Novice: 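Following this message is one structure expressed as structure tokens.
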There are 2 protein chains.
Amino acid sequence: MGITKTEIFTEQQNEIATFAKAFGHPARVAILQHLFKINACICGDLVEEIGLAQPTISQHLKELKNLGLIKGSIEGTSICYCIATENWIKMKKVMMQFLDQDISNESCC
Amino acid sequence: MGITKTEIFTEQQNEIATFAKAFGHPARVAILQHLFKINACICGDLVEEIGLAQPTISQHLKELKNLGLIKGSIEGTSICYCIATENWIKMKKVMMQFLDQDISNESCC
DNA sequence: TTCTTTAATCGTAATATTGCAATGAACTTA
DNA sequence: TAAGTTCATTGCAATATTACGATTAAAGAA
């Protein structure tokens with residue numbers, strides 16, 4: 001009833017879904033792309049860059065941080081975020097494996 | 001309030017998010033993996049295989065079909081689903097490009 | 001200390017998603 | 001035609017997500 005039945009799926013399936021969910025919102029996609037583009041770390045101008053309110057961006061950042069895809073460190077009065085390289089690579093491996101499944105050349109329908 | 005502001009993002013960002021959202025539920029991941037595994041097309045035994053009620057599976061199939069990632073054809077009394085190869089490859093390209101962004105070797109935090 | 005800046009958190013409203021029982025539609029078989 | 005099979009649709013309840021105003025917390029500057 002409205003709650004995802006995580007128990008009936010494999011760990012791998014849940015992991016894929018969890019990562020995918022993180023990318024399932026354009027704001028989080030935009031945040032990650034910006035962090036990649038700006039080689040140096042970026043703090044609060046994500047708010048300006050993206051155009052959502054500060055609490056909203058903060059919330060999206062929190063989700064990405066909880067998943068371990070980004071990390072933030074205090075830098076004076078502001079906070080500096082960047083891609084958590086190691087975990088990004090791990091995640092990429094999991095997702096690539098899912099996306100890159102063999103497609104049989106004989107589809108029946 | 002509560003509704004994603006699609007307008008403020010690029011088409012590419014929205015596309016990535018839409019695809020990712022499709023993979024953001026373990027049931028849909030499981031469905032796709034099963035369709036890949038069973039080379040031949042599979043119809044309603046997805047219900048048995050996965051362990052969710054038939055309407056629930058049907059709903060997930062509909063989402064995947066709307067996105068164009070799978071297709072179904074009537075086969076007598078049952079319906080045969082399989083991966084929509086061309087669109088899958090297109091989607092893969094979009095997602096890979098996003099996942100495979102260059103990671104600068106000098107992360108600052 | 002007081003003011004300012006920066007970002008997290010709280011609280012709440014709007015909307016979306018998930019899941020299923022019940023029902024309906026289309027086809028097959030008896 | 002009647003009964004059975006297979007899957008889609010409807011309707012609804014439970015929960016999750018998105019967004020933001022208001023507030024709080026922490027650090028630097030006056």
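Chain letters run A, B, ... following the sequence lines, proteins first and then strands; every chain starts at 1. Given the structure is predicted, the values throughout are model-derived calculations rather than measurements.
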Novice: Could you tell me how far apart B:Lys62 (NZ) and C:dA16 (C1') are, to the nearest whole angstrom?
Specialist: 15 Å
Novice: Rounding to 10 degrees, work out the angle separating the end axes of the helix from C:dT1-D:dA30 to C:dA30-D:dT1 (five pairs an end).
Specialist: 10°
Novice: Detail all sub-3.5 Å separations between protein N/O atoms and N/O atoms belonging to nucleotides 22-30 of chain C.
Specialist:
none

Novice: Which heavy atom of B:Met95 sits nearest a heavy atom of B:Ala20, and at what distance?
Specialist: CE-CB, 4.1 Å
Novice: Working to the nearest 0.5 Å, report the span between CZ of A:Phe23 and CE of A:Met91.
Specialist: 3.5 Å
Novice: Rounded to the Å, how far apart are B:Glu63 CD and D:dA8 C1'?
Specialist: 14 Å
Novice: Does D:dT6 have OP1 or OP2 sitting under 4.0 Å from an N or O in the side chain of B:Tyr81?
Specialist: no
Novice: Just how far is it from atom CD1 of B:Ile83 to atom NE2 of B:His34, taken to the nearest 0.5 Å?
Specialist: 11.0 Å
Novice: Name all residues meeting the side-chain contact (heavy atoms from CB on, under 4.5 Å) criterion together with B:Thr10; count only those two or more places apart in sequence or in a different chain, and write none if there are none.
Specialist: B:Gln12, B:Gln13
Novice: Should the heavy atoms of other residues, nucleotides or ligands under 6.0 Å from CD of B:Glu11 be counted, would the total exceed 12?
Specialist: no
Novice: Which part of the nucleic acid, if any, lies within reach of B:Thr56 when heavy atoms closer than 4.0 Å are counted: base, sugar-phosphate only, or nothing?
Specialist: base
Novice: For residues B:Pro26 and A:Thr4, report the shortest heavy-atom separation together with the two atoms involved.
Specialist: CG-CG2, 3.9 Å
Novice: For the residue pair B:Phe98 and A:Val29, what are the closest heavy atoms and their distance?
Specialist: CE1-CG1, 3.9 Å
Novice: Rounded to whole angstroms, how far apart are CG on B:Leu64 and P on C:dT18?
Specialist: 11 Å
Novice: Quick one: on DNA chain C, does A:Thr6 or A:Ile57 contact a more 5' nucleotide (nearest heavy atom)?
Specialist: A:Ile57
Novice: Please state how far atom CG in A:Leu52 lies from atom P in D:dT17, giving the value in whole angstrom units.
Specialist: 17 Å
Novice: Could you identify which residues of residues 16-25 of chain B place a heavy atom less than 4.0 Å from some atom of DNA chain D, listed by residue number, or say none?
Specialist: none
Novice: Kindly give the heavy-atom pair with the smallest separation between A:Trp88 and B:Leu99, and that separation in Å.
Specialist: NE1-O, 3.1 Å
Novice: Counting neighbours of CD1 on B:Ile74 that are heavy atoms of other residues, nucleotides or ligands and sit closer than 6.0 Å, is the number greater than 12?
Specialist: no
Novice: Quick one: B:Leu61 CG to C:dG19 C1', roughly how many Å, whole number?
Specialist: 15 Å
Novice: What is the distance from CG of A:Asp45 to P of C:dA7, rounded to the nearest Å?
Specialist: 8 Å
Novice: Could you state the CD1-C1' distance from B:Ile70 to D:dC7, rounded to the nearest angstrom?
Specialist: 13 Å
Novice: Which atom pair, heavy atoms only, marks the closest approach of A:Tyr81 to A:Gly72?
Specialist: CD2-CA, 3.6 Å
Novice: Reckon A:His60 has a side-chain N or O less than 4.0 Å from the OP1 or OP2 of D:dT17?
Specialist: no
Novice: Name the closest nucleotide to the B:Ile3 side chain, picking from C:dT15, C:dG19, D:dT18.
Specialist: C:dT15
Novice: According to salt bridge (charged side-chain N to carboxylate O under 4.0 Å, His left out), does anything in residues 79-101 of chain A pair up with another residue at least two apart or in another chain? List the pairs.
Specialist: A:Lys92-B:Asp100, A:Asp100-B:Lys92
Novice: Is the phosphate of C:dA8 approached by A:Ser58 (side-chain N or O, under 4.0 Å from OP1 or OP2)?
Specialist: yes
Novice: If I take atom CD in residue A:Gln59 and atom C1' in nucleotide C:dT6, what distance separates them, rounded to the nearest angstrom?
Specialist: 18 Å
Novice: Kindly list each side-chain donor-acceptor pair under 3.5 angstrom involving residues 47-70 of chain A, sequence neighbours excluded, with atom names and distances?
Specialist:
residue, atom, partner, partner atom, Å
A:His60, ND1, A:Arg28, NH1, 3.0
A:Glu63, OE1, A:Arg28, NH1, 3.2
A:Glu63, OE2, A:Arg28, NH1, 3.4

